[in-house]
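Each remark here refers to the structure printed beneath this line.
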Amino acid sequence: MLSVFTLRVNTDSMQWVAPTDRQNHNLFALARPRTQAPADSSALPALAASLARALDCETVVVRLRNWSHQWTSAQYGTTGLGCLLEQSIALTAADHAGPLIASDAAKHPLLRDHPLVTSGAKVHSFAGIAAFAEADESGLGEAVGVICALSHERREFGPQATALLESFAELMASLYAQHIDLYRHAHASKALEEDVETTRRLQRQFRQAERMAAIGSWRLSFDGNQISWSEGVYAIHELPVGEEVPFADAVDFFAPADRATVRTSIERAMETGESYDFEADFVGAKGTHKRVRVSGEVEIVHGQPTALVGVLQDVSDKHKLIQELEYRAQNDALTGLANRDRFTEKLAHVVRSTIESRAPLGVVLIDLDDLQSVNDNAGRAAADALLCRASAILRSNWLMGSFAARLSENQMVLLLQNDQHLTDLPSLLDRLAGELAAPIEYNGKAVPTGASLGATLLHEGGACSGNELLEHADRALYTAKRNRDARFHIACALACGDCEVSDNQDEPNAHRAFRAA
C-alpha cells in the first residue's frame with residue numbers, strides 16, 4: 001500500500017510526520033528578493049529519495065529556485081534519466097496548477113509529445129507538482145520549486161499520491177520561504193554592519209578634520225548638568241578625553257576679562273534662542289595661552305529647545321597672523337614706530353580729545369640731520385642703526401606716555417600729553433636733542449650724528465586741527481635748522497610771542513617765558 005508522509009525540516013534535524021490537511025500553496029507568497037544568495041539544497045536529496053520510495057518510481061527529480069532564480073537540483077535514481085528530465089519534462093509540472101499525474105504519459109496531452117515519452121527512454125508514468133510563491137490576483141504565482149517521479153513501467157497513482165505531492169509542494173514552498181527569511185536576516189545584519197562601519201568611518205574622518213582645523217564640538221543641556229565634548233574640545237583644553245568638567249570649571253578656562261561674555265552669551269541663548277559667535281582669550285590646562293572662537297545655538301527636538309550645541313576652535317595662529325599683518329600695516333618695518341597713516345589717525349583722535357578736555361598738547365618734529373651723510377660714508381647698515389637708536393630713544397621710559405612715529409626717511413614725530421613733559425618742555429627737548437645727536441658706535445668707530453627739533457603747543461582752550469599743528473611744528477623745525485647754533489625751537493599754535501624758545505637763549509628766561517605761556 002502507498003504510504004503517505006511529509007518531511008519536517010528545522011535547523012537541527014529532519015523527521016517524517018503524517019501530512020496535514022491540504023493548504024493553499026499561496027500561503028508562503030513573499031516578495032522576490034533583489035540580491036543573490038544560493039538556496040540551501042541540503043534537504044533536496046532526502047525529498048527525492050522519499051518520494052521515490054513512496055511512489056515506487058525509479059527516478060525522482062527535485063528542483064528549487066535560489067535567490068538569483070536559478071534552479072538548484074537534486075535527483076534520486078541511477079538511470080541517468082533524471083539528467084535529461086530536469087532539462088525538460090520535470091519543468092512541465094511548473095506550468096501546471098496542482099499535481100500533474102499520468103499513469104500513461106503517452107496519452108496525457110501535456111506529456112505525450114515529449115521526446116522522453118516518444119523515444120526509447122520510454123517514460124511510461126509521471127507524477128509531479130510545482131510549489132508556487134508570490135501569488136497574483138488569479139491565485140497563481142511563479143513556480144519556486146518542482147518535484148516529479150518517473151517510471152519505465154506503468155504506475156497507478158491514486159488519491160494518496162495526490163495528497164503526498166501536495167504535501168511536498170507545501171514543504172518546498174516552506175523551504176523557499178525559510179531561505180528568504182534567512183537571507184533577509186543576513187542581509188539586515190550585513191546592512192547593520194555596513195552602517196556601523198560607515199558611522200565609524202565618518203567618526204574617524206570627523207576626528208581627522210577636527211585635528212586639522214583645531215576645532216571641536218560641544219553640547220550643554222539646558223539645566224547645565226550635562227556637558228559633552230568631542231575629542232577636539234578636549235585637545236583645546238589640554239585635558240584627557242573623557243574627563244568630566246563641570247560647566248563652571250569650563251568657563252574658568254577663559255581669560256577673566258572674557259568669562260562674563262561667555263556666561264552672558266549662554267544665558268541669552270537659553271532665554272531667547274539667540275545664537276552667538278565671538279573670539280576670546282583662553283588658557284589651557286597646561287598653561288598655554290590661546291585665542292579661541294566660540295559659537296553656539298539652541299538645539300530643537302520635536303519643536304522644543306533641549307540644549308545648546310556649538311563649536312570651539314583654536315584660532316591662535318590666525319589671530320597672531322592678523323595681529324602681525326595689522327602691526328605691519330600700522331608700523332614702520334625697520335624701527336617699529338607707528339607709520340604715517342597710523343600717526344595721522346592718532347593725531348586726529350588726540351586733538352579731538354584734547355580740545356574736549358581742554359588739556360594741553362605738544363607736537364615735536366625730529367629731523368636726523370646727518371642720516372644721509374652716515375649712509376654715504378658708513379653704509380646703509382650704519383644708517384639703519386642710527387634710525388633704530390633714535391626709535392629706542394623715543395620709546396625710553398622717561399618719555400613714557402608719549403606717542404612716537406616715523407613720518408619719512410629721516411623724520412620722526414612725538415606727541416606729548418603728559419603734564420610733566422609739557423611743564424618743562426625746553427628741558428625735555430634739550431635732553432632729547434642731546435641723546436639723538438650723540439655719535440653712534442659702528443664697526444668700532446664713532447660716527448658723528450646730529451638732530452634738529454621743532455615743537456608746537458596747543459594750550460588749554462586752544463583749537464587747531466592736526467594738520468595745523470604739524471605746520472606750526474614744521475615751521476619751528478625749519479627755524480631750528482636755519483639757526484646753526486640751535487638744536488630745537490618751540491612755536492605756540494596760538495602764535496603767542498612768549499612761547500618762542502630755542503636752546504641758545506638764556507635758560508632761566510626760556511623757562512620763565514614757557515611757564516608764563
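Counting from 1, the numbers follow the sequence of the chain as shown. What you see is a predicted model, and the numbers here were worked out from it, not measured in a lab.
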Between T449 and D370, do the side chains contain an N or O donor and an N or O acceptor separated by less than 3.5 Å?
no
Would you name the heavy atoms of V374 and P448 that are closest together and state the gap between them?
CG2-O, 3.8 Å
Please check if any side-chain donor atom of S391 sits under 3.5 Å from a side-chain acceptor atom of R395, or the reverse.
yes
Treating S295 as the side-chain partner and D277 as the backbone partner, does any N or O pair qualify as donor plus acceptor under 3.5 Å?
no
Is there a side-chain contact between L428 and L399 in this structure, where contact means two heavy atoms from C-beta onward sitting under 4.5 Å apart?
yes
Specify the closest pair of heavy atoms between G362 and L457, including all atoms of both residues, with the distance to one decimal.
CA-CD2, 4.1 Å
Determine yes or no for a side-chain-to-main-chain donor-acceptor pair under 3.5 angstrom, with S230 supplying the side chain and S217 the backbone.
yes
Indicate yes or no for a side-chain donor-acceptor contact from T479 to the backbone of H489 under 3.5 Å, with no hydrogens or angles considered.
no
Ion pair present between E197 and R204, side-chain N to carboxylate O less than 4.0 angstrom?
yes
Keeping the roles fixed (side chain from N331, backbone from Y327), state whether a donor-acceptor pair exists under 3.5 Å.
yes
Under 3.5 Å donor-acceptor, S189 side chain and H185 backbone
no
Do any N or O atoms from the side chain of E238 and from the backbone of K286 form a donor-acceptor pair under 3.5 angstrom?
yes
Which atom names give the shortest non-hydrogen contact between A143 and R65, and what distance separates them?
O-NE, 2.6 Å
Within the 3.5 Å criterion, strictly below it, is a donor on D314 or S316 matched to an acceptor on the partner's side chain?
yes
Does either side chain, that of Q372 or that of D376, offer a donor lying less than 3.5 Å from an acceptor on the other one?
yes
Are a donor atom and an acceptor atom from the side chains of S73 and R63 found within less than 3.5 Å of each other?
yes
Can you label the angle between the F254 ring and the F282 ring as parallel, tilted or perpendicular, going by 30° and 60°?
perpendicular
Establish, yes or no, whether a centroid distance under 6.0 Å links the rings of W229 and H237.
yes
Considering only NZ, NE, NH1 and NH2 on the basic side and carboxylate oxygens on the acidic side, decide whether R263 and E267 come within less than 4.0 Å.
no
Taking all atoms of both residues into account, what is the closest heavy-atom pair of I440 and L386, and its distance?
CG2-CD1, 4.0 Å
Residue pair R475, H472: steps toward the side-chain hydrogen bond (donor to acceptor under 3.5 Å, both in side chains) verdict
CA-CA 5 Å; R475 283 196 292 269; H472 288 300; 2.7 Å; yes
Show the nearest heavy-atom pair for residues E299 and V309, with the distance to one decimal.
OE2-CG1, 3.8 Å
Test your reading of the model: is there a side-chain donor-acceptor pair from Y176 to the backbone of L64, 3.5 Å cut-off?
no
Between E441 and K445, does a salt bridge (Lys or Arg N to Asp or Glu O under 4.0 Å) hold up when you go through it step by step?
CA-CA 5 Å; E441 293 289 333; K445 296 180 180 181; over 6 Å; no
Check: A491 main-chain N/O paired with T456 side-chain donor or acceptor under 3.5 Å:
yes
Does a donor on one side chain sit under 3.5 Å from an acceptor on the other, for N339 and R406?
no
Do V413 and I366 make a side-chain contact, defined as non-hydrogen atoms from C-beta onward lying under 4.5 Å apart?
no
Has T335 got a side-chain atom pairing as donor or acceptor with L337's backbone, closer than 3.5 angstrom?
yes
Which residue, K320, H319, E326, forms the side-chain hydrogen bond (donor to acceptor under 3.5 Å, both in side chains) with Q323?
H319
Is any side-chain N of the basic residue among R352 and E356 closer than 4.0 Å to the acidic one's carboxylate O?
no
Could you verify whether a donor N or O on one side chain and an acceptor N or O on the other, from N377 and S373, lie under 3.5 Å apart?
yes
Please check if the side chain of T264 supplies one atom and the backbone of A260 the other of a donor-acceptor pair under 3.5 Å.
yes
State, to 0.1 Å, how close V298 and G273 come at their nearest heavy-atom pair, and which atoms those are.
CG2-CA, 3.6 Å
Would you please test K290 and D281 for salt bridge (Lys or Arg N to Asp or Glu O under 4.0 Å) and show each step?
CA-CA 6 Å; K290 305 179 180 183; D281 291 324; over 6 Å; no
Check whether any side-chain heavy atom of V294 sits under 4.5 Å from a side-chain heavy atom of T261, and report yes or no.
no
Mind telling me whether F403 and F343 have parallel, tilted or perpendicular rings, with 30° and 60° as the class edges?
parallel
